[in-house]
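All remarks here apply to the structure that follows.
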Amino acid sequence: MKSVAKFVSSIFLFLDWNYSTIGNGGSMEWESYDLEKDLTGLAYDFVSEGPKGRIKKLIRFQPVPSLGTNVYNVALGDLDEANDRLNDSVISNNGDRLKVLNTVADAIIDFLLYRPTAIILLRATTLARTRLYQIGITFFWAKLNSEYEIWGKIDKDWIPFRAGPNYQEFLLFKKME
């Protein structure tokens, strides 16, 4: 697996457990935003609502050919309206972080439904965001581990995820039956 390189969302890998909880009338704690998906299945959009108003968020699954034909980086950011592009360096602080993370998890679940052999790379733009991804993965580890393989990168090595070490990037993919 070390040769696969980079890892993915979730970032938002509050995946399956949150997804089923939300769909079955779960608590507000697991609420997510409605997603719009483009025809390619590589772009998802939603609107964050909070104290700073309505902020259009973009989720993009970007192929990473240098890592393989089935590897996709997940990018999350705000719409930069001046340039009509995703800005993944902005910090919105709109008071809805968990809801945003759950929404990204919904997008990842949907993406993997249509591309079950895809490998998702989570590569954060800052150390703080990398830590946020790791906290989310650790928090939901028991549920994630049953359906998804998760690997973390330390230096140049990819190893199976476990709580404790500080990883630089993550890979997520569905376990094969």
Side-chain angles (χ1 to χ4, degrees), residues 1-2 4-19 21-22 27-33 35 44 46 48-52 55-62 64 66-67 71-80 86-109 111-112 118-175:
M1 202 59 193
K2 291 180 184 180
V4 174
K6 332 282 174 195
F7 178 90
V8 132
S9 160
S10 28
I11 255 167
F12 308 142
L13 310 177
F14 294 38
L15 278 353
D16 228 14
W17 183 61
N18 288 342
Y19 185 76
T21 302
I22 295 164
S27 71
M28 293 289 271
E29 186 176 354
W30 306 119
E31 191 176 5
S32 62
Y33 290 109
L35 285 165
Y44 295 74
F46 66 97
S48 162
E49 297 181 13
K52 294 190 176 181
I55 301 172
K56 184 157 186 180
K57 298 279 193 181
L58 310 177
I59 303 167
R60 298 296 182 259
F61 290 88
Q62 305 160 326
V64 186
S66 62
L67 300 178
V71 179
Y72 296 85
N73 179 60
V74 177
L76 167 68
D78 292 359
L79 172 64
D80 177 347
L86 180 145
N87 180 348
D88 63 358
S89 62
V90 68
I91 299 173
S92 304
N93 284 336
N94 207 15
D96 59 349
R97 178 175 60 186
L98 185 57
K99 192 170 181 179
V100 168
L101 294 178
N102 285 323
T103 304
V104 174
D106 288 348
I108 291 171
I109 292 166
F111 185 82
L112 289 173
I119 298 170
I120 306 296
L121 169 66
L122 286 172
R123 179 187 289 161
T125 55
T126 66
L127 289 175
R129 287 185 183 182
T130 301
R131 185 73 184 130
L132 177 63
Y133 296 172
Q134 185 161 339
I135 289 168
I137 293 168
T138 300
F139 188 77
F140 292 102
W141 175 245
K143 180 60 179 175
L144 292 172
N145 190 40
S146 67
E147 295 186 42
Y148 301 94
E149 214 38 68
I150 301 173
W151 290 61
K153 184 178 182 183
I154 297 177
D155 297 322
K156 294 182 181 181
D157 295 326
W158 286 96
I159 61 172
F161 181 88
R162 62 183 172 79
N166 289 322
Y167 299 100
Q168 299 156 318
E169 300 172 332
F170 307 91
L171 290 173
L172 167 94
F173 50 95
K174 290 186 87 152
K175 288 185 174 181

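Residue indices begin at 1 and follow the sequence shown. This is a predicted model, so every value here is computed, not measured.
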**Asked** Hey, mind stepping through L86 and Q62 against side chain to side chain contact (heavy atoms under 4.5 Å, CB included) and telling me if it holds?
**Response** CA-CA 12 Å; L86 180 145; Q62 305 160 326; 5.8 Å; no
**Message:** Nearest 0.5 angstrom please: L132 CG to T126 OG1, how far?
**Reply:** 9.0 Å
**Message:** If you take the centroid of each ring, where Trp contributes its six-membered ring, are Y72 and F61 closer together than 6.0 Å?
**Reply:** no
**Fill in**
Rounding to 0.5 Å, atoms CG (N73) and CD (E169) come to a distance of 8.5 Å
**Request:** Enter the distance from K175:NZ to E147:CD here, rounded to the nearest 0.5 Å.
**Result:** 9.0 Å
**Asked** Do you know which two heavy atoms are closest between T103 and I59, and how far apart they sit?
**Response** O-CD1, 4.3 Å
**Residues N166, R131; criterion side chain to side chain contact (heavy atoms under 4.5 Å, CB included); working and verdict** = CA-CA 8 Å; N166 289 322; R131 185 73 184 130; 3.8 Å; yes
**Prompt:** Tell me, do E149 and L172 make a side-chain contact under 4.5 Å, heavy atoms counted?
**Reply:** no
**Request:** Evaluate the side-chain proximity of N87 to L79: yes if any heavy-atom separation is below 4.5 Å, no if none is.
**Result:** no
**Prompt:** Can you name the one residue among S89, S92, S48 that meets side chain to side chain contact (heavy atoms under 4.5 Å, CB included) with D78?
**Reply:** S92
**Message:** Check whether R60 reaches the backbone of Y44 with its side chain - one donor and one acceptor, N or O, closer than 3.5 Å.
**Reply:** yes
**Prompt:** So, Y33 versus D106: side-chain donor-acceptor pair below 3.5 Å or not?
**Reply:** no
**Asked** How far apart are the closest heavy atoms of L35 and A107, and which atoms are they?
**Response** CD1-N, 3.7 Å
**Request:** Apply the test side chain to side chain contact (heavy atoms under 4.5 Å, CB included) to residues W151 and W158: give CA-CA distance (whole Å), side-chain angles for both, the deciding distance (0.1 Å), then the verdict.
**Result:** CA-CA 6 Å; W151 290 61; W158 286 96; 4.1 Å; yes
**Request:** Would you indicate whether the side-chain heavy atoms of R129 and L76 approach each other to under 4.5 Å?
**Result:** no
**Asked** Measuring from Y133:OH to T130:OG1, what's the distance to the nearest 0.5 Å?
**Response** 7.0 Å
**Request:** Kindly write out the residues that satisfy side chain to side chain contact (heavy atoms under 4.5 Å, CB included) with I154, not counting sequence neighbours, or none if the list is empty.
**Result:** I159, P165, Y167
**Item:** Atom pair CG/CD of D157 and Q168 - distance to nearest 0.5 Å
**Value:** 9.5 Å
**Asked** Judged by atom type as modelled, is there a donor-acceptor pair below 3.5 Å linking the side chain of D96 to the main-chain atoms of K99?
**Response** no
**Prompt:** Is the distance between the ring centroids of F173 and Y148 less than 6.0 Å?
**Reply:** no
**Backbone N/O of K52 and side chain of N94: donor-acceptor pair under 3.5 Å** = yes
**Steps toward side chain to side chain contact (heavy atoms under 4.5 Å, CB included) verdict (E31, L98)** = CA-CA 8 Å; E31 191 176 5; L98 185 57; over 6 Å; no
**Prompt:** Just wondering, do L58 and K56 contact through their side chains at under 4.5 Å, heavy atoms?
**Reply:** yes
**Request:** Quick one: pull up CD1 in I109 and NZ in K174 and give me the separation to the nearest 0.5 Å.
**Result:** 9.0 Å
